[in-house]
Amino acid sequence: MSARDFASLPNNHFINTIINNDLKEGKCGDKVHTRFPPEPNGRLHIGHAKAICIDFGTAQEYNGLCNLRFDDTNPSKEEQQFIDAIQEDVHWLGFDWQDRLYYASDYFEKLYDFAVQLIKDGKAYVCDLSQDEMRAYRGTPTVPGTLSPYASRSVDENLELFAQMREGHFEDGSRVLRARIDMASSNFNMRDPVMYRIQRSYHQRTGDKWCIYPMYDYAHPISDALEGITHSICTLEFENHRPLYEWFINNVDVPCKSRQIEFARLNITYTVMSKRKLRRLVEEGYVNDWDDPRMPTLSGMRRRGYPAAAIRDFCDKIGVAKANSTVEFSLLEHCVRDILNTNANRAMAVIDPLKVVIDNYQGSELLPAENNPELPERGKREISFSKEIFIERSDFMEEPVKGFHRLTPGGEVRLKFAYIIKCESIVEDENGNIIELHCSYDPTTKSGSDNSGKKVKGTIHWVDAVTAIPATLRLYDYLFAKENPDDVEEDKDFIDYLNPHSLTTVDHALLESSLADSDQGVPYQFMRQGYFIADYDSTPQHLIFNRIASLKDSWGKQK
RNA sequence: UGGGGUGUAGCCAAGCGGUAAGGCAACGGUCUCUGAAAUCGUCAUUCAAUGGUUCGAAUCCAUUCACCCCAGCCA
């Protein structure tokens, strides 16, 4: 890389600074190679999206490569369904690993050989201590650990025992292979960490071939090294593991020395991000599945209708740093609305219908309606208009409050794409509920050819009673009612903070007829309401739309 | 009371010895046949605190405080 190239290197955050220095000093050759290493024990969430954007994004910025590698070293927790779902999610987010799909389990044989070499070098030993004993021997933050009585076994004995471990001579959990490092280290990870445990679980890729499995701390640095990873980017909780990461690649004969860099994981208000908690929400039925639109999973957000581009933009906007932080949900919503505002076609839908009869109107007509004011090339569609229409109940007030500029008794309002109407009378049922409005329209105020000179304060949406189609709407809100559900008070559980109103189902909404054959996966803006998308459950016979996000509402806020 | 990290606005976050970017939120104005969008403006005399070095400190030094992570045969 030439000096001129260095000047154009990305420099958005501390990770770039580190990489730029490595490049200048030739520490990693002249290329950058990263990896995204999920464990297939759950679905990816937006916290992973941040990691994916950093891992794949960094490779893109430096014209390097990023591998997808499954960290599948603990078969008791992992499943093929997650391997499949994770790949789908990464692709959906917009990243591609080409032919570089790897598994830590691809390296089990090599990992075993390296372990044998460490034993031969006197740097690893088989330990028979029970878990409780090992914990006791490990010491405390202020008290150094004590050496295992098995640490003094001969190389030959260790070799023999380790081979027997692999061959299945011992019971699960009865012995482990440990690295011989430093029982007095102030870093617990260095107090002779476990490299292998005996565990008879069926592995989704290697089947019953192995009954010993390597630990993350051992498998990860070597997997990185074998793949030629130059920068191994992970989250903050692994910072304490870095000395161990380096110990393994320095004590094993691998072709490449990767550098581990840690950043702060993402938190977002009103949701939880731990896989354990998300799993509980699914397994105990608080949500419908991993892809419930209220979940912060990528599959949930996809179903909700969040564009992948919005999530990428969000990950870009939140930055990368080492300080623990919680980003406000409103920033994510902003990114979603921003993409949708320019991309989503407009349509009209009434959530809570109130019938309006326009007494002086006869017949029916088709009115042109712009599909997307942001993109005129999207053209126009025709919407039907007739004597009876439905408007939003909240767009009428019998006794208007100050500042309300929609329909009122004797008042006028414009019907979007149509005419200005005036409310002449109200029909109530025996309980005093308004069930119908009678209005008159002014034929000189037709949209596009209005020469009446009239100015009205409000324009409202509506649907034609004759052609409107019924639909179910699913309105989503925060999954949790508490800003930080992880902050649990005594005798409480994060489950206690679930928002009881996170899903509101509207059964009798009315949509303009053009929505009858809307394509799946295509978002719309229901004017003045929000962004919606057909749910997976939607059928032509029964339309079901998810609300992706509401529109900002400065009037609602003012009230 | 050991070790590893981090503290810049309500929330993120630049800043790397030369006098506090940007985004979100909030608040006001303009515009509007979406109370949306767009657009204009306001929003840190101060960077966890206290000392020190310096002509000059968020940036360097010292001390203190707060928060996060670590004693899985999880990752």
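The model shown is predicted, which means the values in this text are computed figures rather than measured ones.
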Undergrad: Are A/Lys552 and B/A25 close enough that a side-chain N or O sits under 4.0 Å from OP1 or OP2?
TA: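 For A/Lys552, the contact criterion (side-chain N or O under 4.0 Å from OP1 or OP2 of B/A25) is met.
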
Undergrad: Quick check, are the ring centers of A/Phe238 and A/Tyr245 under 6.0 angstrom apart?
TA: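 Not close enough - the centres of the two rings lie 6.0 Å or further apart.
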
Undergrad: Which comes earlier along RNA chain B counting from the 5' end, the contact point of A/Asp128 or that of A/Val320, where each point is its nearest nucleotide?
TA: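 Looking at RNA chain B, the more 5' nearest nucleotide goes with A/Val320.
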
Undergrad: Do the charged groups of A/Arg180 and A/Asp192 touch, with an N to O distance under 4.0 Å?
TA: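 Not counted as a salt bridge, because no side-chain N and carboxylate O are separated by less than 4.0 Å.
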
Undergrad: Just checking A/Phe314: base, sugar-phosphate only, or nothing, at a heavy-atom cut-off of under 4.0 Å?
TA: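 No contact.
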
Undergrad: If the threshold is 4.0 Å, N to carboxylate O, is there a salt bridge linking A/Lys454 and A/Asp442?
TA: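 Yes, this pair counts.
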
Undergrad: Distance check: side-chain N/O of A/Lys557 vs OP1/OP2 of B/A26, anything under 4.0 Å?
TA: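 Checking A/Lys557 against B/A26: at least one side-chain N or O falls below 4.0 Å of OP1 or OP2.
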
Undergrad: Report which part of the nucleic acid A/Val176 touches: base, sugar-phosphate, or nothing (heavy-atom distance under 4.0 Å, all strands).
TA: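 Base contact.
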
Undergrad: For the residue pair A/Asn11 and A/Thr17, confirm or rule out a side-chain donor-acceptor distance under 3.5 Å.
TA: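 Yes, because at least one side-chain N or O of A/Asn11 sits under 3.5 Å from a partner of the opposite role on A/Thr17.
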
Undergrad: Taking donor-acceptor contacts at under 3.5 Å, does the side chain of A/Gln131 reach the base of B/G72?
TA: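 No, the side chain and the base share no sub-3.5 Å donor-acceptor pair.
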
Undergrad: So, are A/Arg69 and A/Glu39 salt-bridged, with charged N and O less than 4.0 Å apart?
TA: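 A salt bridge is absent here (no side-chain N lies under 4.0 Å from a carboxylate O).
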
Undergrad: Could you check whether A/Gly403 gets within reach of a base, just the sugar-phosphate, or nothing at all, counting any heavy atom under 4.0 Å?
TA: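 Base contact - A/Gly403 has a heavy atom under 4.0 Å of at least one base atom.
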
Undergrad: Between B/A58 and B/G18, how far apart are the P atoms? Round to whole Å, please.
TA: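 Taking atom P in both B/G18 and B/A58, they lie 11 Å apart.
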
Undergrad: How would you label the contact of A/Pro243 with the nucleic acid (heavy atoms, under 4.0 Å): base, sugar-phosphate, or nothing?
TA: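 No contact at all - A/Pro243 keeps every heavy atom at 4.0 Å or more from the nucleic acid.
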
Undergrad: Let me know the distance between CZ of A/Arg279 and P of B/A75, rounded to the nearest Å.
TA: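 In whole Å, B/A75 P lies 14 Å from A/Arg279 CZ.
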
Undergrad: Measure CG/A/Asn12 against P/B/C16 and give the value in whole Å, please.
TA: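 It is 15 Å, rounded to the nearest whole Å.
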
Undergrad: With a non-hydrogen cut-off below 4.0 angstrom, is A/His461 in contact with a base, only sugar-phosphate, or nothing?
TA: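 Since no nucleic acid heavy atom lies under 4.0 Å of A/His461, the category is nothing.
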
Undergrad: Centroid separation under 6.0 Å, is that true for the rings of A/Trp462 and A/Phe385?
TA: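 Under 6.0 Å, so yes.
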
Undergrad: Paired with B/A14 by Watson-Crick or G-U wobble geometry, both distances under 3.5 Å: which nucleotide is it?
TA: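 Because no pair has both required distances under 3.5 Å, B/A14 counts as unpaired.
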
Undergrad: For A/Pro373 and for A/Lys50, find the nucleotide of RNA chain B with the closest heavy atom, then tell me which residue's nucleotide is more 5'.
TA: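 By nearest-heavy-atom nucleotide position, the 5'-most residue is A/Lys50.
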
Undergrad: Once you apply the 3.5 Å cut-off to both distances, tell me the Watson-Crick or G-U wobble partner of B/G28, or none.
TA: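 Base partner found: B/C40.
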
Undergrad: Taking atom CD of A/Glu171 as the centre, report whether more than 12 heavy atoms of other residues, nucleotides or ligands fall under 6.0 Å from it.
TA: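 Atom CD in A/Glu171 is not crowded, with 12 or fewer foreign heavy atoms closer than 6.0 Å.
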
Undergrad: Using the C1' atom in both, what is the distance from B/G51 to B/A57, to the nearest Å?
TA: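 That atom pair is separated by 14 Å.
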
Undergrad: Could you check which nucleotide pairs with B/C74 in any of the strands shown, counting Watson-Crick or G-U wobble with both distances under 3.5 Å?
TA: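 Partner of B/C74: none found under 3.5 Å.
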
Undergrad: Tell me the partner of B/A66, counting only Watson-Crick (N1-N3 plus N6-O4 or O6-N4) or G-U wobble (N1-O2 and O6-N3) with both under 3.5 Å; none if nothing fits.
TA: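 The answer is B/U6, by the H-bond criterion.
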
Undergrad: Can you find a side chain N or O atom of A/Ser76 that sits less than 4.0 Å from OP1 or OP2 on B/C74?
TA: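 Answer no for this pair, as no side-chain N or O of A/Ser76 is under 4.0 Å from OP1 or OP2.
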
Undergrad: Within this structure, what is the CE-to-C1' distance between A/Met195 and B/C74, rounded to whole angstrom?
TA: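 In whole Å, B/C74 C1' lies 17 Å from A/Met195 CE.
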
Undergrad: What contact category does A/Lys455 fall into here, base, sugar-phosphate, or nothing, at under 4.0 angstrom with non-hydrogen atoms?
TA: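 A/Lys455: no heavy atom of the nucleic acid under 4.0 Å.
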
Undergrad: Determine the interatomic distance between C1' on B/U19 and the same-named atom on B/A44; round to the nearest Å.
TA: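 Comparing C1' positions in B/U19 and B/A44 gives a spacing of 14 Å.
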
Undergrad: For A/Phe14 and B/G15, what is the distance between atoms CZ and P respectively, to the nearest whole Å?
TA: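 Those two atoms, CZ and P, are 12 Å apart.
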
Undergrad: Looking at A/Ser130, I'd like to know whether one of its side-chain N or O atoms comes within less than 4.0 Å of OP1 or OP2 on B/C73.
TA: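 No, because none of the side-chain N or O atoms of A/Ser130 sits under 4.0 Å from OP1 or OP2 of B/C73.
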
Undergrad: With a 3.5 angstrom cut-off on both distances, give the Watson-Crick or G-U wobble partner of B/U19, or none if there isn't one.
TA: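 The base-pairing partner of B/U19, which may sit in any strand shown, does not exist here.
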
Undergrad: In whole angstrom, what separates A/Glu328's CD from B/A25's P?
TA: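 Computing the A/Glu328:CD to B/A25:P distance gives 9 Å.
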
Undergrad: Kindly state whether the ring of A/Phe162 and the ring of A/Tyr112 have centres lying under 6.0 angstrom apart.
TA: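 Yes - the distance between ring centres of A/Phe162 and A/Tyr112 falls below the 6.0 Å cut-off.
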
Undergrad: When all nucleic acid strands are considered with a 4.0 Å heavy-atom cut-off, which category describes A/Thr326: base, sugar-phosphate, or nothing?
TA: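 Since only primed, P, OP1 and OP2 atoms lie under 4.0 Å of A/Thr326, the category is sugar-phosphate.
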
Undergrad: Examine A/Tyr125 together with A/Tyr150 and report whether their ring centres are nearer than 6.0 Å.
TA: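 No, the ring centres sit 6.0 Å or more apart.
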
Undergrad: Centres of the A/Phe480 and A/Tyr270 rings: under 6.0 Å?
TA: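 Ring-ring flag for A/Phe480/A/Tyr270: false, centres at least 6.0 Å apart.
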
Undergrad: Answer with base, sugar-phosphate or nothing: what part of the nucleic acid does A/Arg337 contact at a heavy-atom distance below 4.0 Å?
TA: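 No contact.
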
Undergrad: Aromatic contact between A/Phe526 and A/Phe545, with the criterion being ring centroids under 6.0 Å apart: yes or no?
TA: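 Centroid distance A/Phe526-A/Phe545: below 6.0 Å, so yes.
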
Undergrad: For A/Trp555 and B/G35, do the ring centres fall under 5.5 Å apart while the planes stay under 30° apart?
TA: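 According to the criterion (under 5.5 Å, under 30°), yes, A/Trp555 stacks.
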
Undergrad: Check every strand shown and say whether A/Ile212 touches a base, only sugar-phosphate, or nothing at a heavy-atom separation below 4.0 Å.
TA: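 Counting heavy atoms under 4.0 Å across all strands, no contact is made by A/Ile212.
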
Undergrad: Considering every strand and a 4.0 Å limit on heavy-atom distances, what is the contact class for A/Met348: base, sugar-phosphate, or nothing?
TA: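 Nothing, no nucleic acid heavy atom in range.
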
Undergrad: Taking the C1' atom in each of B/A48 and B/C65, what is the distance between them to the nearest angstrom?
TA: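 Nearest-Å result for B/A48 against B/C65 at atom C1': 7 Å.
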
Undergrad: Considering only atom P, compute the distance from B/G3 to B/A62 and round it to an integer number of Å.
TA: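 Approximately 16 Å lies between the P atom of B/G3 and that of B/A62.
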
Undergrad: Any side-chain N or O of A/Arg528 less than 4.0 Å from the OP1 or OP2 oxygen of B/G35?
TA: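 Answer yes for this pair, as a side-chain N or O of A/Arg528 is under 4.0 Å from OP1 or OP2.
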
Undergrad: For a quick test of reading the model: is some side-chain N or O of A/Arg138 closer than 4.0 Å to OP1 or OP2 of B/G72?
TA: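 The answer is yes; a side-chain N or O of A/Arg138 sits under 4.0 Å from OP1 or OP2.
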
Undergrad: State the syn/anti category of B/G72 according to its glycosidic angle, syn meaning within 90° of 0.
TA: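 Syn conformation here, the glycosidic angle of B/G72 being no more than 90° from 0.
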
Undergrad: For B/C24 and A/His334 - does any side-chain N or O of the residue sit under 4.0 Å from the phosphate oxygens OP1/OP2?
TA: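 So the side-chain polar atoms of A/His334 do come within 4.0 Å of the phosphate oxygens OP1 or OP2 of B/C24, strictly under.
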
Undergrad: Nearest whole Å is fine: how far is B/A21 C1' from A/Lys317 NZ?
TA: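 Distance, rounded to whole Å: 15 Å.
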
Undergrad: Can you tell me how far P in B/C70 sits from the matching atom in B/G29, rounded to whole Å?
TA: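 After rounding to an integer number of Å, I get 50 Å for this pair.
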
Undergrad: Starting from C1' on B/G72, measure out to CZ on A/Arg276 and report it in whole angstrom.
TA: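 Rounded to whole Å, this separation is 15 Å.
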
Undergrad: Distance check needed: B/G5 P versus A/His241 NE2, whole Å only.
TA: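 Atom-to-atom, A/His241 to B/G5, this comes out as 14 Å.
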
Undergrad: Please evaluate the base of B/G72 for a donor-acceptor partner in the side chain of A/Arg135 within a cut-off of under 3.5 Å?
TA: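 No, no donor-acceptor pair under 3.5 Å.
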
Undergrad: Can you name the atoms? Protein N/O to nucleotides 67-69 of chain B N/O, anything below 3.5 Å, with the distance.
TA:
residue, atom, partner, partner atom, Å
B/C68, O2', A/Asn324, ND2, 3.2
B/C69, O2, A/Asn240, ND2, 3.2

Undergrad: Across the strands shown, which category fits A/Gly448 at heavy-atom distances under 4.0 angstrom: base, sugar-phosphate, nothing?
TA: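 Base, at least one base heavy atom under 4.0 Å.
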
Undergrad: Is there a Watson-Crick or G-U wobble partner for B/G51 with both distances under 3.5 Å, and if so, which one is it?
TA: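 Base partner found: B/C61.
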
Undergrad: Using atom P in both nucleotides, what's the gap between B/A9 and B/A14 to the nearest angstrom?
TA: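 Taking atom P in both B/A9 and B/A14, they lie 13 Å apart.
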
Undergrad: Regarding B/U34, can its base be found pairing with the side chain of A/Gln529 as donor and acceptor, where the two atoms are less than 3.5 Å apart?
TA: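 Not at all, since no donor on one side and acceptor on the other fall under 3.5 Å apart.
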
Undergrad: Hey, is A/His220 doing a stacking thing with B/A75, by the 5.5 Å centroid and 30° angle criteria?
TA: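 Taking the rule of under 5.5 Å and under 30°, the ring of A/His220 does not stack on B/A75.
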
Undergrad: Is it true that A/Tyr196 and A/Tyr213 have ring centroids separated by less than 6.0 Å?
TA: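 No; A/Tyr213 has its ring centre 6.0 Å or more from that of A/Tyr196.
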
Undergrad: Mind checking if A/Phe417 touches a base, just sugar-phosphate, or nothing, with heavy atoms under 4.0 Å?
TA: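 Answer is base: heavy atoms of A/Phe417 come under 4.0 Å of a base.
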
